[in-house]
Amino acid sequence: QVQLVESGGGLVQAGGSLRLSCAASGRTFSSYATGWFRQAPGKEREFVAAITWSGRNTYYADSVKGRFTISRDNAKNTVSLQMNSLKPEDTAVYYCAAASTALRPSQVVSPLAYAYWGQGTQVTVSS
């Protein structure tokens, strides 16, 4: 079993930065991919970024590419999402998710591929 706790959300002006962190418990956390998703009011949960267990491969949604950076520290059981040049359309609840099996690259963008989820952290970007 893996438990995930997100932190770092808040209110920021457009153009600003935030760093989200996901702290995990459970010995299998570092064995599989971890992703960040977000959900805005009235919208479906959407993929933001993912990172493989080794940290060697990262994946990003086109909407955040070049602005967001995902990283992980397996020794500390944490995954982070550095968000720069934030836009009002980035406003959403951000969720950390961990897989329980190996994922193909095509699978990392699907919420269905992840077995464990955090409770979410609100990010609000004002214009």
Side-chain angles (χ1 to χ4, degrees):
Q1 188 76 327
V2 173
Q3 293 185 328
L4 306 173
V5 178
E6 302 97 334
S7 62
L11 173 64
V12 64
Q13 287 188 332
S17 299
L18 283 174
R19 185 177 181 87
L20 305 184
S21 293
C22 175
S25 62
R27 59 188 178 90
T28 63
F29 172 75
S30 61
S31 300
Y32 301 109
T34 304
W36 285 95
F37 290 78
R38 66 187 182 187
Q39 188 166 19
K43 295 187 176 181
E44 292 187 352
R45 191 166 297 190
E46 66 173 359
F47 170 75
V48 175
I51 187 167
T52 53
W53 70 270
S54 66
R56 188 173 301 139
N57 295 312
T58 57
Y59 307 87
Y60 296 94
D62 287 342
S63 59
V64 306
K65 204 171 292 184
R67 300 187 298 123
F68 291 10
T69 303
I70 189 171
S71 60
R72 72 186 301 156
D73 184 338
N74 287 337
K76 296 182 179 180
N77 268 7
T78 59
V79 173
S80 298
L81 184 69
Q82 177 66 41
M83 305 186 297
N84 298 328
S85 302
L86 283 162
K87 304 175 181 180
E89 51 262 44
D90 294 319
T91 295
V93 177
Y94 283 70
Y95 297 91
C96 176
S100 60
T101 60
L103 301 183
R104 294 189 296 272
S106 61
Q107 292 179 300
V108 300
V109 300
S110 171
L112 299 177
Y114 296 84
Y116 306 105
W117 292 83
Q119 82 289 349
T121 185
Q122 177 71 46
V123 172
T124 303
V125 184
S126 63
S127 57

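Computed over heavy atoms, backbone and side chain alike; hydrogens, waters and symmetry mates excluded.
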Checklist entry - Can you list the residues that meet the salt bridge (Lys or Arg N to Asp or Glu O under 4.0 Å) rule with E46, with sequence neighbours excluded? => result R38
Checklist entry - When rounded to the nearest 0.5 angstrom, what is the spacing between OH in Y94 and SG in C22? => result 15.0 Å
Checklist entry - Taking only residues two or more places apart in sequence, or in another chain, which ones meet T124 in a side chain to side chain donor-acceptor pair (under 3.5 Å)? => result Q122
Checklist entry - Who else is in the cluster with W53 when I, L, V, M, F, W and Y are joined by side-chain contacts under 4.5 Å? => result none
Next on the checklist: Run the side chain to side chain donor-acceptor pair (under 3.5 Å) test against Q39 and tell me which residues pass, sequence neighbours left out.
Outcome noted: R45
Checklist entry - Quick one: are I51 and W36 in side-chain contact, heavy atoms under 4.5 Å? => result no
Item to check | salt bridge (Lys or Arg N to Asp or Glu O under 4.0 Å) against R67, all qualifying residues, sequence neighbours excluded | outcome: D90
Checklist entry - Under a single-linkage rule joining Ile, Leu, Val, Met, Phe, Trp and Tyr whose side-chain heavy atoms are separated by less than 4.5 Å, which residues share a cluster with L11? => result none
Checklist entry - Hey, any chance V64 and F47 share a hydrophobic cluster, counting ILVMFWY side chains that come within less than 4.5 Å of each other, even indirectly? => result no
Next on the checklist: Which Ile, Leu, Val, Met, Phe, Trp or Tyr residues join V5 in one cluster when any pair of side-chain heavy atoms under 4.5 Å counts as a link?
Outcome noted: none
Next on the checklist: Does atom CD (E89) have a neighbourhood of more than 12 heavy atoms from anything else shown, all under 6.0 Å?
Outcome noted: yes
Item to check | Point-to-point distance, once rounded to the nearest 0.5 Å, from CZ of F68 to CG of L20 | outcome: 8.0 Å
Checklist outcome for this item: Sorted by chain and residue number, the salt bridge (Lys or Arg N to Asp or Glu O under 4.0 Å) partners of K65 (sequence neighbours excluded) come out as D62
Checklist entry - So if you build clusters from Ile, Leu, Val, Met, Phe, Trp, Tyr with side-chain heavy-atom gaps below 4.5 Å, do V12 and V48 land together? => result yes
Checklist entry - Hey, do the aromatic rings of Y114 and F37 have their centres closer than 6.0 Å? => result yes
Item to check | hydrophobic_cluster_shared for Y32 and V2, side chain cutoff 4.5 Å | outcome: no
Item to check | Test side-chain contact (heavy atoms from CB on, under 4.5 Å) applied to Y59 and T52, step by step | outcome: CA-CA 9 Å; Y59 307 87; T52 53; 4.1 Å; yes
Checklist entry - Short question: side chain of T121, backbone of E6 - any donor-acceptor pair under 3.5 Å? => result no
Checklist entry - For S7, what residues pass the side chain to side chain donor-acceptor pair (under 3.5 Å) criterion, not counting sequence neighbours? => result none
Using distance only, find each side-chain donor-acceptor pair of residues 78-87 under 3.5 Å and give its atom names and separation, not counting sequence neighbours.
residue : atom : partner : partner atom : Å
Q82     : OE1  : R19     : NH1          : 3.1
Q82     : NE2  : N84     : OD1          : 2.9
N84     : OD1  : S17     : OG           : 2.9

List the atom pairs, donor and acceptor, that lie under 3.5 Å between side-chain atoms in residues 95-110 and the rest of the protein, sequence neighbours left out.
residue : atom : partner : partner atom : Å
Q107    : OE1  : R104    : N            : 2.7
S110    : OG   : L112    : N            : 3.2

Item to check | Residue list, side-chain contact (heavy atoms from CB on, under 4.5 Å) with A40, at least two apart or on another chain | outcome: K43, A92
